[in-house]
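Beneath this line is the structure, given in structure tokens, with notes to follow.
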Protein chains: 2
Amino acid sequence: MRQKSYQDIRALVLARIHAQIWPPGARIPGEADLAAEFGCARATVNRALRELAEAGLIERRRKAGTRVAVNPVRKATLELPVVRLEVEGRGETYDHKLLLRETETPPDHVRARMNLPAGVRLLHLKTLHMADACPYMFEDRWLNRRTATGIDAADLNRISANEWLVQNVPFSGGDIAFFAAAASGDEAGALNIAPETAIFVVERTTWRGLDPVTATRLAYAPGYRMTTRI
Amino acid sequence: MRQKSYQDIRALVLARIHAQIWPPGARIPGEADLAAEFGCARATVNRALRELAEAGLIERRRKAGTRVAVNPVRKATLELPVVRLEVEGRGETYDHKLLLRETETPPDHVRARMNLPAGVRLLHLKTLHMADACPYMFEDRWLNRRTATGIDAADLNRISANEWLVQNVPFSGGDIAFFAAAASGDEAGALNIAPETAIFVVERTTWRGLDPVTATRLAYAPGYRMTTRI
DNA sequence: AAGTGGTCTAGACCACTCC
DNA sequence: GAGTGGTCTAGACCACTTA
């Protein structure tokens with residue numbers, strides 16, 4: 001190892017934390033000291049430590065220095081791909097059916113999530129996503145035409161609303177919730193399962209600036225597991 | 001704005017993507033060009049673009065250049081704090097009860113998850129976590145004494161195994177799965193709910209190098225929602 | 001073969017925060 | 001006030017990948 005990379009430094013620091021040479025709560029040397037010890041530039045040490053801080057393993061504050069986290073808040077990163085790619089990525093055949101496409105007045109809880117005034121009318125879509133011809137996920141979506149402009153011209157039988165939005169309406173942020181629920185009659189019917197079956201649900205609201213774009217409830221067929229590594 | 005920061009550059013690039021000046025799939029100028037245009041060093045542009053790439057908004061490849069992602073794979077970051085801090089963070093009072101602490105032979109599915117040989121014996125713990133004296137989450141945990149050394153000396157009535165491990169056994173990685181399930185008799189009894197109720201479950205296996213540390217199944221009381229923003 | 005991103009260096013100034 | 005991390009610059013070399 002002639003020249004040390006930031007990944008080398010990161011690994012060296014991590015090893016010392018794991019070996020408890022620097023136990024939880026302990027202060028570790030400053031960037032300049034570590035740079036001198038490891039024989040590299042301070043910028044290299046900075047990048048290594050910055051990544052460890054982003055991962056929650058150390059805590060950094062100006063003047064106070066860098067400390068090993070006492071309660072490392074592990075951060076798991078979930079990837080939220082377009083449904084079609086998620087299914088195809090597992091080697092299965094994707095298909096979808098548009099079950100409903102109507103302009104309606106949304107129920108209050110949807111209106112509240114989207115922070116819209118009473119009386120507003122939205123585009124309501126229900127889509128069943130399939131993997132190898134089996135029900136995979138049932139999507140109940142409300143769309144704001146003011147931000148999702150062009151949706152009325154889209155052929156949602158060819159491309160799902162999910163995918164159309166990702167490709168055509170860049171959004172600035174969103175709120176996501178994951179929870180378990182008993183399948184509603186609607187969901188049970190679409191997924192072809194008994195009502196009240198435990199299903200995994202994802203609710204997402206996305207925004208473009210301060211304007212709501214869409215609110216969705218994704219009900220996954222029983223057996224679905226969302227996985228990741230840390 | 002006298003001197004531009006990497007955050008400024010990131011915002012400028014993001015704005016052009018949102019405005020579709022650089023539509024999905026389009027190639028954007030090279031780092032050197034952008035640095036010249038924005039009047040900053042290439043390293044500054046590099047950091048801005050690197051962060052956008054980590055967020056999944058653009059794709060970068062040497063020689064091929066940088067392109068706006070066609071199907072942005074949005075990444076959601078979930079924080080997995082110690083249960084006590086999660087409860088206290090919401091202003092509620094935390095408490096826990098150790099319901100079981102026995103050395104047992106684990107069932108096959110646990111043994112397989114931990115990649116251990118047949119016949120191994122593990123420490124089996126069952127803990128009920130409470131928020132404001134109400135059942136919050138039921139934890140069923142299997143521990144490998146070879147990696148979780150010192151666990152036998154810990155007073156698990158004072159500090160939960162969850163917290164003891166975080167503070168005493170640094171781990172290198174883990175697998176996590178989130179899904180919905182019907183409450184088992186065990187879980188329903190501990191959480192004081194009807195069997196078969198839909199509950200949110202997190203299964204986690206953690207490793208220290210190639211050696212398993214612990215395998216847990218966390219069953220949350222009905223109503224629990226795991227939330228984040230993107 | 002050559003273009004493009006990936007990274008390192010050395011030095012500098014600055015912002016924040018603790019004492 | 002002073003110590004520490006946060007960031008920018010200018011230049012350089014290198015690694016990867018595609019044309």
Side-chain angles (χ1 to χ4, degrees), chain A residues 1-14 16-17 21-70 72-73 75 77, chain B residues 1-14 16-17 21-70 72-73 75 77:
Chain A
M1 192 187 299
R2 172 157 230 78
Q3 180 176 252
K4 290 200 170 78
S5 71
Y6 76 93
Q7 303 177 51
D8 297 328
I9 307 297
R10 192 181 55 193
L12 287 168
V13 171
L14 199 49
R16 293 194 186 176
I17 292 174
I21 292 170
W22 295 328
R27 179 161 171 190
I28 76 179
E31 294 189 350
D33 295 334
L34 289 175
E37 180 190 342
F38 294 135
C40 65
R42 182 164 80 94
T44 305
V45 173
N46 179 273
R47 175 151 183 198
L49 295 186
R50 174 158 38 90
E51 293 198 354
L52 290 173
E54 279 167 8
L57 290 165
I58 60 178
E59 291 169 357
R60 321 194 72 194
R61 284 199 328 269
R62 282 159 158 148
K63 169 76 174 173
T66 300
R67 290 180 179 281
V68 179
V70 176
V73 176
K75 284 160 184 149
T77 301
Chain B
M1 193 189 298
R2 172 155 228 82
Q3 180 176 249
K4 290 201 170 77
S5 71
Y6 76 93
Q7 302 177 49
D8 297 328
I9 307 298
R10 192 181 55 194
L12 286 167
V13 172
L14 199 49
R16 292 195 187 175
I17 293 174
I21 291 169
W22 294 328
R27 180 162 171 188
I28 76 180
E31 294 189 351
D33 296 333
L34 289 175
E37 179 190 343
F38 294 134
C40 65
R42 184 164 80 93
T44 305
V45 173
N46 179 274
R47 176 151 183 200
L49 295 186
R50 174 157 37 89
E51 294 198 355
L52 290 173
E54 279 168 8
L57 290 165
I58 59 178
E59 290 169 357
R60 321 193 72 196
R61 285 202 324 273
R62 282 160 159 149
K63 169 73 174 177
T66 300
R67 291 180 178 281
V68 179
V70 177
V73 175
K75 283 158 185 150
T77 302

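Order of the sequence lines fixes the chain letters, A, B, ..., with proteins taken first and strands second; residue numbering starts at 1 for each chain.
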Might you work through the side-chain contact (heavy atoms from CB on, under 4.5 Å) test for A/L49 and A/I9, ending with a clear yes or no? CA-CA 8 Å; A/L49 295 186; A/I9 307 297; 5.8 Å; no
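Side-chain N or O atoms of A/R47 include none that pairs as donor or acceptor with a backbone N or O of A/Y6 at under 3.5 Å.
Contact check, A/R60 against D/dG6: a side-chain N or O comes under 4.0 Å of OP1 or OP2. Between B/Q7 and the phosphate of D/dT7, there is a side-chain N or O to OP1/OP2 separation shorter than 4.0 Å. For B/T66, a side-chain nitrogen or oxygen approaches OP1 or OP2 of C/dG5 to under 4.0 Å. Of the side-chain N and O atoms in B/N46, one or more sit less than 4.0 angstrom from OP1 or OP2 of C/dG6. The phosphate of C/dT7 (OP1 or OP2) has a side-chain N or O of A/Y6 nearer than 4.0 angstrom.
Residues B/L57 and B/V68 form no side-chain contact, since every pair of their non-hydrogen atoms from C-beta on lies 4.5 Å or further apart.
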Anything under 3.5 Å between a protein N or O and an N or O of nucleotides 12-14 of chain D, put it in a table, one pair a line.
unit_1	atom_1	unit_2	atom_2	d
D/dA12	N6	B/R42	NH2	3.1

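Checking A/A43 against A/K63, the closest nucleotide of DNA chain D that is more toward the 5' end is the one next to A/K63. Map A/G65 and B/C40 each onto its nearest nucleotide of DNA chain D; the residue landing nearer the 5' end is A/G65.
Every residue was checked against the salt bridge (charged side-chain N to carboxylate O under 4.0 Å, His left out) condition with B/E59, not counting sequence neighbours, and none meets it. Take B/E54 and apply the side-chain hydrogen bond (donor to acceptor under 3.5 Å, both in side chains) test, not counting sequence neighbours, and it matches no residue. Annotation: side-chain hydrogen bond (donor to acceptor under 3.5 Å, both in side chains) contacts of B/R42 (sequence neighbours excluded): B/E31.
Of the residues in residues 25-38 of chain A, those with a non-hydrogen atom less than 4.0 angstrom from any atom of DNA chain D are A/R27, A/G30, A/E31.
Note: A/I17 CD1 to A/I58 CD1 = 6.0 Å, rounded to the nearest 0.5 Å.
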Show me the dot-bracket string of DNA chain C, counting Watson-Crick or G-U pairs under 3.5 Å, with | for pairs to another strand and [ ] for crossing ones. ||||||||||||||||||.
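The distance from atom CG of B/D8 to atom P of D/dG6 is 18 Å, rounded to the nearest whole Å. Summarising the geometry, the separation between CD on B/E59 and P on C/dT4 is reported as 18 Å, rounded to the nearest angstrom.
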